[in-house]
Amino acid sequence: MVEMIHTQIEKNGFLGDIFVPNALIDNYSRFGGWGIKAALRLFTVMEHRDVVSWNSMIGGLTKVGELREARKLFDEMPEKSIITWNTVLNGYVKAGEMEEAFQLFESMPQRNIVSWSTLVMGYSKAGDMDMARVLFDEMPVKTSVSWTIIISGYVEKGFTKEAIELYDRMERNGFKLDDGTVISILAACAESGSLAMGLKVHDSIERLKFRCSVAVCNTLVNMYAKCGSLDKAWSVFNGMSKRDVVSWNVMLQGFAMHGHGREALFVFERMKKEGFKPDRVTFIGVLCACSHAGFIDEGIQCFYAMEKDYGIVPEIEHYGCMIDLLGRGERLKEAFMLVNTMPFEPNAVIWGTLLGACRLHGATELAEKVLDHFKLDRMDPGNYSMLANIFAAAGDWDGVATVRLQMKSVGVQKPSGASSIEIDNEVHEFTVFDRSHPNFDSIYGMVHRLAQDLKRVAHPKDATLPVEVGELVI
DNA sequence: TTAGGGTTAG
């Protein structure tokens with residue numbers, strides 16, 4: 001479409017008006033590789049360029065990751081505006097090149113609130129909260145965006161105490177809540193599982209009688225669901241006067257991920273009854289629910305229905321859910337067949353899902369078959385260690401050793417997975433064999449006791465342990 | 001034309 005407009009304009013000779021090509025350059029960069037080429041073509045043939053033409057071109061290049069090209073144009077540019085500087089600064093920040101970003105920041109002839117916020121954002125995303133905080137404190141002016149960036153940064157990294165302190169200070173300084181602030185902070189809470197901070201924001205919303213948009217309510221529901229507070233998610237969801245597809249999706253996904261398959265399917269049914277059209281994300285939630293709750297046949301039915309009844313062509317993610325569903329249900333051959341017949345090249349996630357199913361059922365032979373296909377993703381560290389786990393589960397220690405040796409020879413290391421828990425506004429993170437926590441003695445003592453208690457309590461094979469969902473009645 | 005924002009499998 002953009003290209004059609006472009007041709008039309010070129011034919012009619014409207015290229016003279018600077019606003020038109022400027023808007024085109026800006027639009028082109030949304031279309032990735034070919035878009036940026038077209039934009040560059042247009043940029044070079046333009047007779048007159050103003051600051052906006054340059055800025056749009058440089059911004060477009062940074063968006064598609066052509067940082068070097070962007071820098072070249074920047075250096076060539078005769079008269080730069082502060083937006084030009086900020087655009088390149090943002091390019092470095094988005095690419096995680098903080099040294100370059102800092103150097104550019106230092107050499108800026110002038111800086112504004114956006115320059116400062118961009119740099120704080122960069123350090124915060126890079127996990128350097130100390131540097132982010134130093135810059136934040138130094139900022140001459142602060143807006144709700146700068147507060148949001150630093151608070152979300154702390155929340156995401158698990159520093160709930162610092163986040164809450166700053167949040168209180170922001171409120172004392174008279175900053176009003178806005179959609180961007182609430183959504184950003186709640187999203188960070190959902191990401192890191194910080195229920196305490198989430199509750200704090202929810203409390204402000206009610207205390208200040210902040211009018212929640214649908215988007216804000218959706219994030220609130222999602223935050224509670226991701227933090228494991230399904231009853232609160234459910235009550236916010238039910239209190240919403242208006243809902244959109246995302247509202248239904250987050251609620252459904254919330255039930256699904258915590259193993260409440262029946263509730264998830266109930267939400268699905270109600271959503272349809274109320275006239276909402278399920279989309280691709282809805283079906284990921286539905287299939288995930290069926291998989292985690294062991295509703296194999298319902299899952300298969302939904303998978304076929306999504307294309308037939310709703311016109312949604314399954315994507316690789318949906319196939320991934322199906323492979324998980326069949327795999328967990330010990331229908332490994334069918335799962336393997338689906339991997340081979342689906343219209344996508346299997347990726348690391350697909351193989352990992354299949355391998356996980358092999359491990360669950362100790363199917364070493366099938367795992368070997370998977371290994372034959374493995375060459376595609378040889379470098380994925382997670383798959384290597386999962387393969388080692390399959391062998392370990394089957395007691396094949398030679399197999400384990402072989403995989404470990406392979407990992408060593410190609411130089412992969414698996415970043416260890418971590419779980420976290422929030423106690424007294426602080427998120428504690430644990431990894432396997434982690435002895436770095438100051439109270440590890442008593443922690444492991446308790447884990448050991450719990451494990452023994454669990455062993456004593458007989459529970460049926462394959463059944464998940466019952467989880468209390470509070471006063472959940474649907 | 002520059003800084004923060006909701007849902008997506010293992």
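Since we're looking at a predicted model, the values are computed, not measured. First the proteins, then the strands, lettered A, B, ... as listed; each starts at 1.
A:Ile284 comes within 4.0 angstrom of a base, heavy atoms only.
Under the ring pair (Phe, Tyr, Trp, His ring centres under 6.0 Å) criterion, A:Phe136 pairs with A:Trp147, sequence neighbours left out. A:Asp75 is linked by a side-chain hydrogen bond (donor to acceptor under 3.5 Å, both in side chains) to A:Arg71, counting only residues two or more places apart in sequence or in another chain. Evaluation of the side-chain hydrogen bond (donor to acceptor under 3.5 Å, both in side chains) rule for A:Lys200 yields A:Asp168 as partners, not counting sequence neighbours. With sequence neighbours left out, A:Asp309 forms a salt bridge (charged side-chain N to carboxylate O under 4.0 Å, His left out) with no residue at all. Applying the side-chain hydrogen bond (donor to acceptor under 3.5 Å, both in side chains) test to A:Asp130 and every residue at least two apart in sequence or in another chain returns nothing. Listed by chain and number, the residues in a side-chain hydrogen bond (donor to acceptor under 3.5 Å, both in side chains) with A:Thr148 are A:Thr181 (sequence neighbours excluded).
DNA chain B lies under 4.0 Å from at least one heavy atom of each of the following residues of residues 50-61 of chain A: A:Val52, A:Asn55. Near-neighbour residues of DNA chain B inside residues 83-97 of chain A, defined by a heavy atom below 4.0 Å, number-ordered: A:Ile83, A:Asn86, A:Thr87, A:Asn90, A:Lys94. Taken residue by residue, residues 115-123 of chain A places heavy atoms nearer than 4.0 Å to DNA chain B at A:Ser117, A:Thr118, A:Met121.
Within 3.5 Å, a donor on the side chain of A:Thr148 pairs with an acceptor on the base of B:dG4, or the reverse. For B:dG5, its base never sits under 3.5 Å from the side chain of A:Asp178 at any donor and acceptor pair. Residue side chain A:Thr181 reaches the base of B:dG4 through a donor-acceptor N/O pair under 3.5 Å, judged by distance alone.
Among pairs with a residue in residues 215-229 of chain A, none fulfils salt bridge (Lys or Arg N to Asp or Glu O under 4.0 Å), at least two apart in sequence or across chains. Legend: salt bridge (Lys or Arg N to Asp or Glu O under 4.0 Å) pairs involving residues 273-286 of chain A, not counting sequence neighbours, sorted by first then second residue: A:Arg243-A:Glu274, A:Arg270-A:Glu274, A:Arg280-A:Glu315. Counting only residues at least two apart or in different chains, side-chain hydrogen bond (donor to acceptor under 3.5 Å, both in side chains) contacts with residues 56-69 of chain A comprise A:Arg68-A:Glu97.
Below 30°, between 30° and 60°, or above 60°: for A:Trp116 and A:Phe105 the angle between ring planes is above 60°, a perpendicular geometry.
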